[in-house]
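Shown next, in structure tokens, is the structure this report addresses.
In what follows, chains carry the letters A, B, and so on, assigned in the order in which the sequence lines appear, proteins first and then strands, with residues in each chain numbered from 1. Nothing here was measured: the structure is a model prediction, and the numbers come from that model.
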Protein chains: 2
Amino acid sequence: MSSFSPEPRVAAAADRVQKPQARTAETRRRILSAATTVFGAKGYNKGSLIEIAELAGMTHAGVLHHFGSKDNLLIAVLEYRDDEDVAHLERHQAPTGDELLRHMLGTVRLNLTRAGLVQAYAVLSAESVTDSHPAAAFFRSRFDGLRRMIADAYATVAPEGTTEERLLAAASATIAVMDGLQVQWLHDETVDMPEAVEATIVGLIAWLRGAAQPL
Amino acid sequence: MSSFSPEPRVAAAADRVQKPQARTAETRRRILSAATTVFGAKGYNKGSLIEIAELAGMTHAGVLHHFGSKDNLLIAVLEYRDDEDVAHLERHQAPTGDELLRHMLGTVRLNLTRAGLVQAYAVLSAESVTDSHPAAAFFRSRFDGLRRMIADAYATVAPEGTTEERLLAAASATIAVMDGLQVQWLHDETVDMPEAVEATIVGLIAWLRGAAQPL
DNA sequence: CCTACCGATCGGTAGG
DNA sequence: CCTACCGATCGGTAGG
């Protein structure tokens, strides 16, 4: 939203075929796309700036010119993906209540068509729990925000007076089942992610409503 | 079971205070313990043989003398943990049916007391989906075995004639929720793993029994 | 189980 | 955005 302004800051630049800012933004997107691929395929630690740079058609010093450090590049990759998903959400109206739960099932089905992105997310989110990982803060706050949003959705289908603890347990379980299934599915594509997620969500609703037998 | 035989192969070795095989086995265990710690804290790619060796009190060439390569060491770490868990299972009689489901809840509670091991498992299982990772075959077969075992357990509490597809969906969801919760919990220890796992399991049983409302 | 060493790779910087 | 380079680290091997 802030960096894609169509007006060049200096009028003198207008005689170039392509405006400098536009070309820079385009190059940055090319690098971000390459970095998503490489971090997804190798993880952050093993994915190298050299490989990312080759995929983006430049040297690794060029990548560092645009992003400053490897850590910064990782953060930019994660925020870039988040921006795209948020934009997608807003295009379809931010869903609430049980619409959000149905929307999550749609995301699971969409993920069946983009294994690379799924792998990047699965690998980086787990890697982010290791010692002083640059993506730790990103994932911590992402999980926190998702749990609150999904707990609110469950509140609309749970009995009145359901405790926040139970709503948050259902929310964290829902996120967990989606993330955990991705790892299994990346190992074995016969794992049925949509069926397992739907079963979990409707099961959790039954649990919130007291319709489930205790173990 | 095969490598801890108390009898030395050569009688002449008996005059040493400690039998060579016994000392080797002890050293190997020390290395495996150090490797679990380091791979857990850093992941496989960033965890170095040098750091593992220091923690075990030797040089990295010594570690390689015992395990041949870094890949071999990782596999040994994973199989070592599995052996310990299997031994624990057998001590308590291999549980079946709904006993297995209750046993899994016990494992979740136990995991609250061993974050290091949880982190090693969470990091390595996700890292194992990256390009030609040495632990790929281990986790693929582990997930496969767990899914079959847990699907059998759900069969004992599901209506007769429940399809294998539905049983496997419940099983993969159960494994997924446990794995996914570990990542969230490692980021934020207020996440209530036992509550979320119990909710998921009883919810999935309700789903198998048709007691859950479709979304 | 160690000393000593190898080739390879990496992230980052200088300076343009 | 590149060339050229740096120090650091790594897994593995030789040879004992």
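- Scanning both residues, B:Lys42 and B:Lys46, for their nearest heavy atoms gives O-CB, 3.4 Å.
- The partner of D:dG16 is C:dC1, judged by Watson-Crick or G-U wobble contacts that both fall below 3.5 Å.
- Between D:dC1, C:dC1, C:dG12, one nucleotide has an atom nearer to the side chain of A:Ser69 than all others, and that is C:dG12.
- Among the heavy atoms of the strands lying under 4.0 Å from B:His60 is at least one base atom, whether or not backbone atoms are also near.
- Straight-line distance from the CD1 atom of B:Ile52 to the P atom of D:dG11: 8 Å, rounded to whole Å.
- Between A:Thr27 and D:dC1 there is a side-chain polar atom (N or O) within less than 4.0 angstrom of OP1 or OP2.
- Listed pair B:Ser48 / D:dC10 meets the phosphate criterion, a side-chain N or O lying under 4.0 Å from OP1 or OP2.
- Side-chain atoms of A:Asp98 never come within 3.5 Å of backbone atoms of A:Leu101 as a donor-acceptor pair (strictly under, hydrogens ignored).
- When the nearest nucleotides of DNA chain D are assigned to B:His65 and B:Gly68 by heavy-atom distance, the more 5′-ward of the two goes with B:Gly68.
- When rounded to the nearest whole Å, the span between CD1 of A:Ile31 and P of D:dC2 equals 9 Å.
- One interatomic measurement links the two molecules: CG of A:Asp71 to C1' of C:dG11, which rounds to 10 Å at whole-angstrom precision.
- Residues B:Arg81 and B:Tyr121 are not in side-chain contact: their nearest non-hydrogen atoms beyond the backbone lie 4.5 Å or more apart.
- C:dT9: Watson-Crick or G-U partner is D:dA8, with both key distances under 3.5 Å.
- Between the CZ atom of B:Phe67 and the C1' atom of D:dT13 there is a distance of 19 Å, rounded to whole Å.
- Salt bridge annotation for B:Arg148-B:Asp144: present, with a cationic side-chain nitrogen under 4.0 angstrom from a carboxylate oxygen.
- Applying the 4.0 Å criterion to OP1 and OP2 of C:dT3, one finds that B:Thr59 has every side-chain N and O outside that range.
- Following rounding to the nearest Å, A:Glu54 (CD) and D:dC2 (P) show an atom-to-atom distance of 12 Å.
- Rounded to whole angstrom, the span from the CG atom of A:Leu49 across to the P atom of D:dC1 amounts to 15 Å.
- Here C:dA4 is the nucleotide among D:dG11, C:dA4, D:dA4 with the atom lying nearest to any side-chain atom of B:Ala61.
- Contact record, A:Arg166 with A:Trp207: NH2-O, 2.9 Å, taken as the closest heavy-atom pair.
- When heavy atoms are screened at a 4.0 angstrom cut-off, A:Leu64 is found touching base atoms of the nucleic acid.
- Regarding A:Asn45, its CG atom lies at a distance of 13 Å from the C1' atom of D:dT9, rounded to whole Å.
- As rounded to whole Å, 13 Å separates atom P of D:dT3 from atom CE of A:Met58.
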